[in-house]
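Following: one structure in structure tokens, then a few remarks.
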There are 2 protein chains.
Amino acid sequence: MFDNLILYLQSKFTITDEEIEIVKQVCRLKKLRKRQYLLQEGDVWRYNAFISKGLVRTFRVDEKGQEHIIQFSSENWWTGDRQSYITDSPARYNIEALEDTEVILIPKGDFEGLYRSIPNFSDFMHLLMERTFIASQNRIHAGISYSAEEKYHDFLKTHPTLVNRVPQHMIASFLGLSPETLSRVRTKK
Amino acid sequence: MFDNLILYLQSKFTITDEEIEIVKQVCRLKKLRKRQYLLQEGDVWRYNAFISKGLVRTFRVDEKGQEHIIQFSSENWWTGDRQSYITDSPARYNIEALEDTEVILIPKGDFEGLYRSIPNFSDFMHLLMERTFIASQNRIHAGISYSAEEKYHDFLKTHPTLVNRVPQHMIASFLGLSPETLSRVRTKK
DNA sequence: AAAAACTCTTGACATTTATCAAGACAAATA
DNA sequence: TATTTGTCTTGATAAATGTCAAGAGTTTTT
């Protein structure tokens, strides 16, 4: 039931069988069908969520009704709204399944408990946070430095597996381009 | 000598006098004159750096010689190249003082020592990392969603103190706009 | 199987933003 | 003080990207 998470943890750091039991104790599985929402703008996000199967998008809708995707999360990635999680404020993002998806939810309090009882887990998650931050800095750099074409090629490099799973207009939204511009960038060469 | 850092730490979490001594032990003060570099692309960054006075910019230069500023850091903020720090790889960023600046450097090994000996410090820095990540997500959102004008107004909101300290063309670089466009955005209205 | 919804492309055109060049100040330096 | 350097603005023009509209395939739903 939580096998994918266990395998993930074992691959990332040393964890004992007892510790695995502690983790399992606080996990809850949630199944989402394609197009179902994991989080809706306005709700408070109180979990850490591990995608064990499938794919979700995190996005916002502006006043003009335009969607802006700030993240895709597929198997073996974490998702959620950090702002809402940290400050207990209403989420500004929506999270929606792009495929049938399985998510393992760990409530905030339990998650903090894991940090205390499993130091290796805490260390790893902090390192992961660092890496995630570095990735987001790279994305900022791409955003302010690259042309439409360069942004797309950068996306191919950094998210090679997503290109065939995500509709093109969503990649455009993720990159801050119109779908038409992305289409033209792709066909031309 | 390290007063500003001490005051900062005391304002952020509970820290004992003994712990402050431990911190002082590993601090090194570095003074930079305006236009001096704290880090040059290609060097490995091995510190955590606290700005106790002044202002620096973190930027990259592309093949066309164009500079792209990904961060400003002023008093009571940390700076450095996380990628280089975490992976011991050559830095891809330059860090340059925009004013006469004082930086407190703590070498990587010592910094990890502080994490072990001062749990409150570790907890706080992890929380700070979370907040920094949230800020960078907000910036990504602005980058893919906003027009030039909206980007500038967002900058005014998120960095109100910098507008009068940083040359306008550097704000443009930070926002991914040409200096001329930013100038026009500002005068119009 | 038919209908509906979604996805991508393409063309014509509009808008935004960048580029190039010049000039006016202001600040830093000799 | 004179000179140089840096900063910002403005205009003319070019280039990049967005918008609107249509159509052709796909996939999903009924």
Side-chain angles (χ1 to χ4, degrees), chain A residues 32-37 54-57 59 61-69 72 96-101 142-156 162-189, chain B residues 32-37 54-57 59 61-69 72 96-101 142-156 162-189:
Chain A
L32 298 171
R33 302 206 46 208
K34 186 172 174 173
R35 266 167 240 204
Q36 244 188 304
Y37 279 59
L55 173 62
V56 302
R57 70 198 252 250
F59 68 100
V61 185
D62 67 22
E63 325 75 50
K64 290 164 207 141
Q66 194 119 24
E67 296 179 352
H68 303 281
I69 299 176
F72 297 110
E96 182 202 25
L98 298 182
E99 304 172 354
D100 292 350
T101 295
I144 64 175
S145 311
Y146 292 168
S147 67
E149 195 171 339
E150 291 168 324
K151 283 174 190 170
Y152 178 64
H153 288 126
D154 182 60
F155 181 84
L156 291 181
L162 289 184
V163 189
N164 304 306
R165 285 172 80 179
V166 175
Q168 215 170 270
H169 70 272
M170 291 194 187
I171 297 177
S173 167
F174 179 88
L175 295 176
L177 303 172
S178 72
E180 294 93 338
T181 295
L182 181 58
S183 172
R184 286 186 246 262
V185 159
R186 271 171 39 85
T187 58
K188 164 194 147 200
K189 203 177 86 73
Chain B
L32 297 170
R33 303 207 47 207
K34 186 172 173 171
R35 268 169 235 203
Q36 245 189 303
Y37 278 58
L55 174 63
V56 303
R57 70 198 251 250
F59 68 100
V61 185
D62 69 21
E63 324 74 51
K64 289 164 207 142
Q66 195 119 23
E67 296 180 352
H68 303 281
I69 299 177
F72 297 111
E96 181 202 26
L98 297 181
E99 304 172 354
D100 292 351
T101 295
I144 65 175
S145 311
Y146 293 168
S147 67
E149 195 170 338
E150 291 169 323
K151 283 175 191 171
Y152 178 63
H153 288 125
D154 182 60
F155 181 84
L156 292 182
L162 289 185
V163 188
N164 304 307
R165 285 173 81 178
V166 175
Q168 215 170 269
H169 68 273
M170 290 193 186
I171 296 177
S173 167
F174 179 88
L175 295 175
L177 303 172
S178 73
E180 294 93 337
T181 294
L182 181 57
S183 170
R184 286 186 245 263
V185 159
R186 271 171 39 85
T187 57
K188 165 194 146 198
K189 202 175 88 70

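Numbers restart at 1 for each chain; the letters A, B, ... are given by sequence-line order, proteins then strands.
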Does a side-chain N or O from [X] land closer than 4.0 Å to OP1 or OP2 of [N], or not?
X: B/Thr181; N: C/dT17; result: no
X: B/His169; N: D/dG6; result: no
X: A/Gln66; N: D/dG18; result: no
X: A/Ser183; N: C/dT9; result: yes

[X] side-chain proximity, nearest of [options]:
X: A/Thr187; options: D/dG18, D/dT10, C/dT9; answer: C/dT9
X: B/Arg184; options: C/dA12, C/dT19, D/dT9; answer: C/dT19
X: A/Glu180; options: C/dT10, C/dC20, D/dT17; answer: C/dT10
X: B/Leu177; options: C/dA18, C/dC8, D/dT9; answer: C/dA18

Residue met sooner reading DNA chain C from 5', once A/Val166 and B/Lys34 are mapped to nucleotides | A/Val166
Atom-pair distance ([atom1] on [X]; [atom2] on [N]), nearest Å:
X: B/Arg35; N: D/dT5; atom1: CZ; atom2: P; value: 12 Å
X: A/Glu67; N: D/dG18; atom1: CD; atom2: C1'; value: 18 Å
X: B/Arg186; N: D/dT9; atom1: CZ; atom2: C1'; value: 10 Å
X: A/Ile144; N: D/dA16; atom1: CD1; atom2: C1'; value: 18 Å
X: A/Lys64; N: D/dG18; atom1: NZ; atom2: P; value: 13 Å
X: A/Tyr146; N: D/dA16; atom1: OH; atom2: P; value: 18 Å
X: A/Glu150; N: D/dA15; atom1: CD; atom2: C1'; value: 14 Å
X: A/Glu96; N: C/dC6; atom1: CD; atom2: P; value: 11 Å

Chi angles and distances behind the side-chain contact (heavy atoms from CB on, under 4.5 Å) call for A/Arg165, A/Leu98 = CA-CA 9 Å; A/Arg165 285 172 80 179; A/Leu98 298 182; over 6 Å; no
For A/Lys151 and A/Val185, run side-chain contact (heavy atoms from CB on, under 4.5 Å): C-alpha distance rounded to whole Å, both residues' side-chain angles, the deciding distance at 0.1 Å, then the answer.
-> CA-CA 10 Å; A/Lys151 283 174 190 170; A/Val185 159; over 6 Å; no
Taking atom [atom1] of [X] and atom [atom2] of [Y], what is their separation to the nearest 0.5 Å?
X: B/Glu150; Y: A/Asp62; atom1: CD; atom2: CG; value: 8.0 Å
X: B/Leu162; Y: B/Arg57; atom1: CG; atom2: CZ; value: 13.5 Å
X: A/Ser178; Y: A/Arg184; atom1: OG; atom2: CZ; value: 7.0 Å

Residue pair B/Leu182/A/Lys151 against DNA chain D: nearer the 5' end by closest nucleotide is B/Leu182
